[in-house]
Q: 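Got a structure for you, written out below as structure tokens; questions coming shortly.
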2 protein chains.
Amino acid sequence: MPPAPPLRTQSIPLRRRFTPDAGTDLQRCLLCETREKSVCNGIGDTELAILSQASKRLTLPPGTTMIEEGTPAVAFFNVTAGTVKLFKSLPDGRRQITGFADVGHFLGLTNAGTYSFGAETVNTVQVCRFLRPQLEKLLTDYPLFERRLLAEVTDELAEAQEQMLLLGRKTARERVASFLFSRMLPPATPSQPDAEGCLVSLPMTRVDIADYLGLTIETVSRTISALRREKTITGTDNHGIRVLSVNRLQEIASGQDSR
Amino acid sequence: MPPAPPLRTQSIPLRRRFTPDAGTDLQRCLLCETREKSVCNGIGDTELAILSQASKRLTLPPGTTMIEEGTPAVAFFNVTAGTVKLFKSLPDGRRQITGFADVGHFLGLTNAGTYSFGAETVNTVQVCRFLRPQLEKLLTDYPLFERRLLAEVTDELAEAQEQMLLLGRKTARERVASFLFSRMLPPATPSQPDAEGCLVSLPMTRVDIADYLGLTIETVSRTISALRREKTITGTDNHGIRVLSVNRLQEIASGQDSR
DNA sequence: CGGGCTCTTGAGAAAGTTCAATGAACGTGG
DNA sequence: CCACGTTCATTGAACTTTCTCAAGAGCCCG
């Protein structure tokens with residue numbers, strides 16, 4: 001654990017402007033493909049126009065700061081494309097990524113008046129933004145929406161607990177294996193088991209992975225190399241890794257590992 | 001990080017029987033002093049009889065297993081006295097305590113059919129137990145109750161993120177300082193600043209503290225000794241520590257520390 | 001084709017763990 | 001009431017994992 005500041009974990013101070021998409025399209029939510037994966041599913045088909053009006057769709061380039069730690073909590077977001085990283089920082093620059101919000105996930109919920117965490121896009125991201133009063137109105141007017149949000153937060157909490165187990169008690173090897181395992185994509189062809197191994201979605205950099213796993217980039221890199229050497233995974237492309245032995249990876253991830 | 005199982009972190013297999021208190025007392029919730037601190041505050045004064053009927057108050061001795069990881073999620077608890085530890089374990093016995101539920105906190109919420117974590121009483125604990133169907137009915141019938149629960153889970157998530165920062169990026173010294181700081185009690189006499197230092201509530205053992213901070217008991221012990229040596233804290237009693245310099249402790253906790 | 005990035009790899013250093021021994025507190029039973 | 005066994009906490013010394021520092025390779029983009 002570094003008492004000194006590893007400056008490389010700092011996020012780029014550069015803050016690009018949000019790029020608002022076509023405003024409040026009444027058809028947007030009706031046609032939205034990620035609706036069923038998200039909290040929006042709590043709103044009935046007939047009332048989707050209201051949902052469309054309550055939110056605004058934005059497209060954000062990679063590296064955009066969506067939320068700055070400590071600023072007033074004015075908005076709530078629902079991710080419809082891309083990946084967002086959530087993190088907390090120490091005054092000296094040390095950073096912990098607390099999660100990656102992929103398609104269907106929300107971010108920005110808080111009770112305090114200010115955000116207790118930061119958020120930045122990993123790649124090009126599309127979100128629906130709800131301003132706070134609009135979100136509150138939806139919660140009050142649509143019990144199913146609120147119920148669905150409660151369920152999402154509960155899931156999020158369970159994931160956070162799993163990550164605490166990883167950060168507090170797993171070895172570097174187990175952490176990396178857990179990470180790769182959790183980001184494995186379902187096989188493209190459901191019937192065919194794995195012709196050439198399951199793909200892993202890794203849009204983020206090594207720095208982000210390290211900050212998520214509580215390790216340094218060097219340790220992450222070494223560990224991935226080791227897994228590659230022993231043929232548990234393949235792929236020389238940094239953002240495209242294939243799992244050759246899913247079982248083996250899961251064994252390592254859960255700590256039932258020899259070496 | 002231990003690849004081998006430190007057996008001492010195992011919780012006692014002994015499971016004592018729950019001790020049900022006087023059943024469904026209609027007056028119970030009305031007279032409950034911790035109501036305003038908990039989700040129960042979402043129920044109006046006139047409907048407290050319904051709340052009393054929906055739950056059962058239990059008194060549990062120290063070391064009682066309340067929830068076993070992986071078992072069917074049948075109940076939801078609200079703590080009205082004492083402290084409960086929540087944890088997740090690895091197959092080889094390594095354990096991570098994900099939080100301590102003190103008075104006013106709930107536990108047992110989950111979307112899955114089974115609990116994804118375990119829970120055990122630290123000291124003598126009093127809880128109100130809601131069976132799942134009863135909880136669901138309360139959520140549906142009392143929007144304020146649901147809203148309050150959503151707020152509680154959101155807070156819980158924020159705490160979990162703070163703990164991830166601790167586990168992933170803080171030094172042993174910073175972890176222990178953060179822990180002591182977060183468990184400081186408000187001064188007994190609000191006017192008097194700190195006659196002899198702020199008290200810290202530590203009902204749990206060193207093993208529990210270590211499993212919460214992702215350290216070993218030895219490191220926790222050494223670190224507390226060091227803080228004592230440098231007069232940041234006092235108290236030889238293991239469960240009674242006094243903070244002599246709150247500012248100093250907070251500085252250490254947040255990483256702004258020289259040594 | 002050169003300058004940035006990101007990633008990889010190696011060697012030494014440091015923080016924290018493991019192993020081991022000792023001490024303090026507590027409850028039990030003679 | 002004290003000896004004894006247990007549990008919990010402390011401290012020391014050696015060891016291990018991961019970090020730090022450093023150098024080099026691969027790649028993208030202007």
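Below, chains carry the letters A, B, ... as their sequence lines are ordered, and counting in each starts from 1. We use all heavy atoms of the structure for the numbers below, so side chains are in, but hydrogens, waters and symmetry mates are not.
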Q: Quick one about Arg183(B) and Ser201(B) (side-chain donor to acceptor, distance below 3.5 Å, no hydrogens or angles considered), yes or no?
A: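 There is such a pair (donor and acceptor under 3.5 Å, judged by atom type) between the side chains of Ser201(B) and Arg183(B).
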Q: Would you call Lys85(A) and Asp211(A) a salt bridge, using N to O less than 4.0 angstrom?
A: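 Here Lys85(A) does not pair with Asp211(A) in a salt bridge, since their nearest N and O are not under 4.0 Å apart.
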Q: Tell me: CZ of Arg94(A) to C1' of dA15(C), nearest whole Å?
A: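 For the pair Arg94(A) CZ and dA15(C) C1', the rounded distance is 13 Å.
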Q: Measure the distance from CG on Leu213(A) to P on dT17(D) and round it to the nearest whole Å.
A: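 Atom-to-atom, Leu213(A) to dT17(D), this comes out as 19 Å.
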Q: Over how many whole Å does the gap from Asp211(A) atom CG to dC7(C) atom P extend?
A: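 It works out to 12 Å between those atoms.
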Q: With sequence neighbours left out, write down each residue that passes side-chain hydrogen bond (donor to acceptor under 3.5 Å, both in side chains) with Thr83(A), or none if nothing qualifies.
A: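 With neighbours one apart ignored, the set is Asp102(A).
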Q: Given salt bridge (charged side-chain N to carboxylate O under 4.0 Å, His left out), test Glu68(B) with Lys88(B) step by step and report yes or no.
A: CA-CA 10 Å; Glu68(B) 201 157 351; Lys88(B) 285 185 70 88; over 6 Å; no
Q: To the closest 0.5 Å, what do you measure between CZ (Arg169(B)) and CZ (Arg175(B))?
A: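 Rounded to the nearest 0.5 Å, the CZ-CZ separation comes to 10.5 Å.
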Q: Nearest whole angstrom, please: distance from the C1' of dT17(D) to the CG of Leu215(B).
A: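 For the pair Leu215(B) CG and dT17(D) C1', the rounded distance is 15 Å.
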Q: Is it true that the side chains of Ser178(B) and Lys170(B) contain a donor and an acceptor less than 3.5 Å apart?
A: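 A pair is found: one side chain offers a donor N or O, the other an acceptor, under 3.5 Å apart.
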Q: Are Arg94(B) and Glu174(A) close enough for a salt bridge, meaning some N to O gap below 4.0 Å?
A: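 Glu174(A) and Arg94(B): salt-bridged.
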Q: side-chain contact (heavy atoms from CB on, under 4.5 Å) between Leu165(B) and Thr98(A): does it pass, once the steps are laid out?
A: CA-CA 8 Å; Leu165(B) 175 64; Thr98(A) 57; 6.0 Å; no
Q: Only counting residues at least two apart or in another chain, list the ones meeting side chain to side chain contact (heavy atoms under 4.5 Å, CB included) with Arg222(B).
A: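 Here the qualifying residues are Glu218(B).
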Q: Does the cation-pi check pass for Arg95(B) over Phe87(B), that is, NZ or CZ under 6.0 Å from the six-membered ring centre and within 45° of its axis?
A: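 Yes, a cation-pi geometry.
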Q: At under 4.0 Å between heavy atoms, which parts of nucleotides 23-30 of chain D does protein reach? Answer with one letter per nucleotide, 5' to 3': B base, S sugar-phosphate only, - none.
A: --------
Q: Between protein and nucleotides 6-16 of chain D, what N or O pairs are separated by less than 3.5 Å?
A:
from    : atom 1 : to        : atom 2 : distance (Å)
dA9(D)  : OP1    : Arg206(B) : N      : 3.3
dA9(D)  : OP2    : Arg206(B) : N      : 3.0
dA9(D)  : O3'    : Asn238(B) : OD1    : 3.1
dT10(D) : OP1    : Arg206(B) : NH2    : 3.4
dT10(D) : OP1    : Arg228(B) : NH2    : 3.1
dT10(D) : OP2    : Arg206(B) : NE     : 2.8
dT10(D) : OP2    : Ser221(B) : OG     : 2.7
dT10(D) : O5'    : Ser221(B) : OG     : 3.0
dT11(D) : OP2    : Ser225(B) : OG     : 2.4
dG12(D) : N7     : Arg222(B) : NH1    : 2.8
dG12(D) : O6     : Arg222(B) : NH2    : 3.4
dA13(D) : N6     : Arg222(B) : NH2    : 3.4

Q: Over the length of the helix from dC1(C)-dG30(D) to dG30(C)-dC1(D), how much do the five-pair end axes diverge, rounded to 10 degrees?
A: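 That helix gives 30° between its end axes.
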Q: Rounding to an integer number of Å, can you tell me how far Arg169(B) CZ sits from dT20(D) P?
A: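 One finds 8 Å between P of dT20(D) and CZ of Arg169(B), rounded.
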Q: Please, which pairs that meet ring pair (Phe, Tyr, Trp, His ring centres under 6.0 Å) have at least one residue in residues 200-241 of chain B, sequence neighbours excluded?
A: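 For residues 200-241 of chain B, and leaving out neighbouring residues, the ring pair (Phe, Tyr, Trp, His ring centres under 6.0 Å) pairs sorted by first residue read Phe100(B)-Tyr212(B), Phe179(B)-Tyr212(B).
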